Trainee: 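Got a structure here, written out as structure tokens. Questions coming.
Values below: every heavy atom of this structure, side chains too, minus hydrogens, waters and symmetry copies. All of these numbers come straight from a predicted model, not from anything done at the bench.
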Amino acid sequence: MSLSVRALAARSCFDVVDQGMSLSEVLPKAQALLDNPLDKALLQEICFGVMRYLPQLEAVCSQLMAKPLIKQLRPLQFLLYVGIYQLKFMRIPDHAAISETVEAARELKGQSLTKLINGVLRNVQRQQELFNFEAAPAAVKFNHPGWLITALQQAYPEQWQAILDANQQKAPLWLRVNVSKISATDYAAALTRAGIEYSRPLADLPAAIKLAQAQDVTSLPGYSDGWFSVQDAAAQYAATLLDVQNGQQILDACCAPGGKTCHILELAPDARVTALDKDARRLMRVHDNLARLGLTAKVIAADASEPTTWWQGQLFDRILLDVPCSATGVIRRHPDIRWLRKKADIPALAELQQRILQQCWALLAPGGSLLYATCSVLPQENSMQIEQFLQQNSDASLVALPHQPDNANYGWQILPGERDVDGFFYARLVKQVR
């Protein structure tokens, strides 16, 4: 029997929270089981919503149940969250949300629990005071794990709550026009002719276009012709800050899925770009993106922290290090990150980041530039990494970036929601000529 949208949503949320799987891995597989595009969109809306409001959904359930469901019944616990999310946060009529959720319980072999699920949802429908969380613990009030709230309070004493609020918002769909094929002005005109609303709010990123509403990108003008890519505006700064030029030897380490690799080549079509990533499976996306955009790079499956296994001795003029990180800057776009990432992950990530930075620095030509980047907002992964690196490498100097605040000594930290972009960090290092 094929599962309904609600049943698939419950299974998907269970796989993320209890099984530790990424929603970006789970959701496409679940959507593939649905034929109707509207059902696919509904499934995504519910899954994203449950991830955004999980602590509050759990808190509501705890007020209406003696104890949560356990073991083999856990998917049905998440089905309750699916039902509560619909009642509180969606425009689905209450009777439809309740009846469809109860029916989904039968699909998940929870026939014996249909009365319980119906009763809990009916109580949620009647008791709106269940959602008063002003006096609740911070993790429930702000829908984030406590360790992350504490880390943000320490790093951003005046901005931490704005960051948490931004993480609860839906991220917009940003496009990057492939200027090697069409000008941004001409592509904007194509969107206008197609009746698609958009804006171009960032003067320093003229190729960045923000759509007024998210939609199927394959239906946008020029998709098959490689006229654009989907990329958040914060990530679009990478290739511009790297200052790439034709003829240069450029390394994009940790490159998958290849958005920044392609952007580099769009700005410098005659650059000789090496795109590196240790995950051979994710490199398939890099090949696909290069092919659709009509670009060419040397793609290698290898570990950036172990250059002896792949480097052939030629120094690079530019190196982009978009290192593995906690992804705490893109929670609004990937709301499951807050539940997948743990406090204990950060020291190990910081150690890996420093190792990649140190190893790749040796591959940079004198006078060349290395751009260190993460989609994190944690100083341990960002400014503290650059401070440590500069203390250990006397041939490195830090270049101030155009948007970097005067009081930011070790790079440019973009916070989530600033100018409606993702959280990101950049620091540009130049190797001195001796």
Trainee: Pick from V399, L370, D395: which one makes a side chain to side chain contact (heavy atoms under 4.5 Å, CB included) with V430?
Mentor: V399

Trainee: Using a cut-off of 6.0 Å, state whether more than 12 heavy atoms not belonging to N36 lie near its atom CG.
Mentor: yes

Trainee: For atom CD of Q128, is the number of surrounding heavy atoms from other residues, nucleotides or ligands below 6.0 Å larger than 12?
Mentor: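 Yes, the 6.0 Å shell around CD holds more than 12 heavy atoms from other groups.
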
Trainee: What are the two closest heavy atoms between L293 and E266, and how far apart are they?
Mentor: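 Nearest heavy atoms, L293 then E266: CD1-OE2, 3.6 Å.
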
Trainee: Evaluate the side-chain proximity of L320 to I250: yes if any heavy-atom separation is below 4.5 Å, no if none is.
Mentor: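 No; the side chains remain at least 4.5 Å from each other.
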
Trainee: Return the orientation label for the W412 and H403 ring planes: parallel under 30°, perpendicular over 60°, tilted otherwise.
Mentor: parallel

Trainee: For the CG atom of L251 and the CD atom of Q314, what is their distance to the nearest 0.5 Å?
Mentor: 12.0 Å

Trainee: At what distance, to the nearest 0.5 angstrom, does CE of M90 lie from CD1 of I46?
Mentor: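 Reported value, rounded in 0.5 Å steps: 5.0 Å.
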
Trainee: Are the side chain of Q236 and the backbone N or O of Q231 linked by a donor-acceptor pair below 3.5 Å?
Mentor: yes

Trainee: Cut-off 3.5 Å, side chains only: do E100 and Q86 have a donor facing an acceptor?
Mentor: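 Per modelled atom types, E100 and Q86 side chains form no pair under 3.5 Å.
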
Trainee: If you take all heavy atoms of I356 and C254, which pair is closest and at what distance?
Mentor: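 Where I356 meets C254 most closely, the heavy atoms are CD1-SG, 4.2 Å.
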
Trainee: Just by distance, with hydrogens left out, do D243 and Q245 show a side-chain donor and acceptor under 3.5 Å apart?
Mentor: yes

Trainee: Indicate yes or no for a side-chain donor-acceptor contact from R332 to the backbone of D165 under 3.5 Å, with no hydrogens or angles considered.
Mentor: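 Checking the backbone N and O of D165 against the side chain of R332, no donor-acceptor pair under 3.5 Å is found.
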
Trainee: Measure the shortest side-chain to side-chain distance between L290 and L265 over non-hydrogen atoms and say whether it is less than 4.5 angstrom.
Mentor: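 Touching, per the 4.5 Å side-chain cut-off.
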
Trainee: Under 3.5 Å, is there a donor-acceptor pair between the side chain of N289 and the main chain of G258?
Mentor: no

Trainee: Centre-to-centre under 6.0 Å for Y53 and F89, is that the case here?
Mentor: yes

Trainee: More than 12 foreign heavy atoms under 6.0 Å from NZ of K278: is that the case here?
Mentor: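 Not more than 12 within 6.0 Å, no.
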
Trainee: For E351, does the CD atom have more than 12 heavy-atom neighbours from other residues, nucleotides or ligands under 6.0 Å away?
Mentor: no

Trainee: Measure the shortest side-chain to side-chain distance between L175 and Y198 over non-hydrogen atoms and say whether it is less than 4.5 angstrom.
Mentor: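 They are not in side-chain contact.
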
Trainee: How long is the straight-line distance from CG of L283 back to OG1 of T261, given to the nearest 0.5 Å?
Mentor: 9.0 Å

Trainee: If we only count heavy atoms from C-beta on, is the I196 to L220 side-chain gap below 4.5 Å?
Mentor: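 Yes, at least one pair of side-chain atoms sits under 4.5 Å.
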
Trainee: Decide yes or no for P324 and L352: does some side-chain heavy atom of the first lie under 4.5 Å from some side-chain heavy atom of the second?
Mentor: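 When only atoms from C-beta onward are counted, L352 and P324 do touch, with a gap below 4.5 Å.
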
Trainee: Are any side-chain N or O atoms of R338 and backbone N or O atoms of P145, one a donor and one an acceptor, separated by less than 3.5 Å?
Mentor: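 Judged by distance alone, no pair lies under 3.5 Å.
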
Trainee: Could you verify whether a donor N or O on one side chain and an acceptor N or O on the other, from T185 and S183, lie under 3.5 Å apart?
Mentor: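 No - no donor-acceptor pair under 3.5 Å links their side chains.
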
Trainee: If you look at every heavy atom in L364 and D317, which pair is closest and at what distance?
Mentor: CD1-O, 3.8 Å

Trainee: I'd like to know whether I209 forms a side-chain contact (heavy atoms from CB on, under 4.5 Å) with F228, so could you lay out the CA-CA distance, the side-chain angles of the two residues, the decisive distance to 0.1 Å, and finally the verdict.
Mentor: CA-CA 10 Å; I209 293 179; F228 70 90; over 6 Å; no

Trainee: Both conditions, 6.0 Å and 45 degrees, for the charged tip of K431 above the ring of W361: are they met here?
Mentor: yes

Trainee: Passes side-chain contact (heavy atoms from CB on, under 4.5 Å), L241 versus R428? Steps please.
Mentor: CA-CA 8 Å; L241 293 175; R428 184 178 174 189; 5.7 Å; no

Trainee: With a cut-off of 6.0 Å (strictly less than), are more than 12 heavy atoms of other residues, nucleotides or ligands near CD of E197?
Mentor: no

Trainee: Ignoring hydrogens and angles, tell me if any N or O in the side chain of K260 forms a donor-acceptor pair with the backbone of P257 under 3.5 Å.
Mentor: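 Looks like no, no N/O pair under 3.5 Å.
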
Trainee: Roughly how far apart are W227 CH2 and K181 NZ, rounded to 0.5 Å?
Mentor: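 If we round to the nearest 0.5 Å, W227:CH2 and K181:NZ are 10.0 Å apart.
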
Trainee: Provide the closest heavy-atom pair for L152 versus L164 in the form atom of the first, atom of the second, distance.
Mentor: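 Shortest heavy-atom separation between L152 and L164 comes out as CD1-CD2, 3.6 Å.
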
Trainee: Test side-chain contact (heavy atoms from CB on, under 4.5 Å) on L202 and W174 and set out the steps.
Mentor: CA-CA 11 Å; L202 303 179; W174 285 91; 3.7 Å; yes

Trainee: Between the side chains of R341 and S326, does any donor sit under 3.5 Å from an acceptor?
Mentor: no

Trainee: Closer than 3.5 angstrom, by distance alone: can the side chain of D39 be matched with the main-chain N or O of L34 as a donor-acceptor pair?
Mentor: no

Trainee: Could you give me the CA-CA distance, side-chain angles and deciding distance for T240 and D204, then say whether side-chain contact (heavy atoms from CB on, under 4.5 Å) is met?
Mentor: CA-CA 10 Å; T240 58; D204 54 343; over 6 Å; no

Trainee: Is it the case that the side chains of Q354 and Q358 hold a donor-acceptor pair, with the cut-off being a distance below 3.5 Å and no angle test?
Mentor: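 Looking only at side-chain atoms, Q354 and Q358 do form a donor-acceptor pair, the distance falling under 3.5 Å.
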
Trainee: Does the side chain of N132 come within less than 4.5 Å of E134's, by heavy atoms?
Mentor: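 Result yes, sub-4.5 Å side-chain heavy-atom pair found.
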
Trainee: Taking all non-hydrogen atoms of both residues, which atom of V124 and which atom of L130 are closest, and how far apart?
Mentor: CA-CD1, 4.1 Å

Trainee: So, Y85 versus E45: side-chain donor-acceptor pair below 3.5 Å or not?
Mentor: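 Side-chain D/A pair, Y85 to E45: present.
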
Trainee: Name the one of K141, H144, Q161 that satisfies side chain to side chain contact (heavy atoms under 4.5 Å, CB included) with I149?
Mentor: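 Of the listed options, the one satisfying the test is H144.
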
Trainee: Go through the side-chain N and O atoms of R176 and S229 and say whether any donor and acceptor fall under 3.5 Å apart.
Mentor: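 Yes, because at least one side-chain N or O of R176 sits under 3.5 Å from a partner of the opposite role on S229.
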
Trainee: Measure the OG-CD distance between S383 and Q388 for me, rounded to the nearest 0.5 Å.
Mentor: 11.5 Å

Trainee: Do C325 and L378 touch side chain to side chain, with heavy atoms closer than 4.5 Å?
Mentor: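 No, side chains not in contact.
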
Trainee: Closer than 3.5 angstrom, by distance alone: can the side chain of Q168 be matched with the main-chain N or O of R52 as a donor-acceptor pair?
Mentor: yes

Trainee: Side chains of L390 and L429: closer than 4.5 Å at any heavy-atom pair?
Mentor: yes

Trainee: Can you establish whether the number of heavy atoms outside R292 located under 6.0 Å from its atom CZ is more than 12?
Mentor: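 Atom CZ in R292 is packed in, count exceeds 12.
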
Trainee: Would you say the side-chain atoms of Q413 pair up with the backbone N or O of F424, donor to acceptor, closer than 3.5 Å?
Mentor: yes

Trainee: What is the minimum heavy-atom distance between M21 and V26, and which atoms define it?
Mentor: CB-CG2, 3.7 Å

Trainee: Check whether any side-chain N or O of R6 sits under 3.5 Å from a backbone N or O of L43 as a donor-acceptor pair, and report yes or no.
Mentor: no

Trainee: Output the distance between atom CG (L267) and atom NE2 (H263), rounded to the nearest 0.5 Å.
Mentor: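 The distance works out to 4.0 Å.
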
Trainee: Any donor and acceptor pair, going by atom type alone, linking the side chain of D422 with main-chain N or O of A234 inside 3.5 Å?
Mentor: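 No; zero donor-acceptor contacts below 3.5 Å.
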
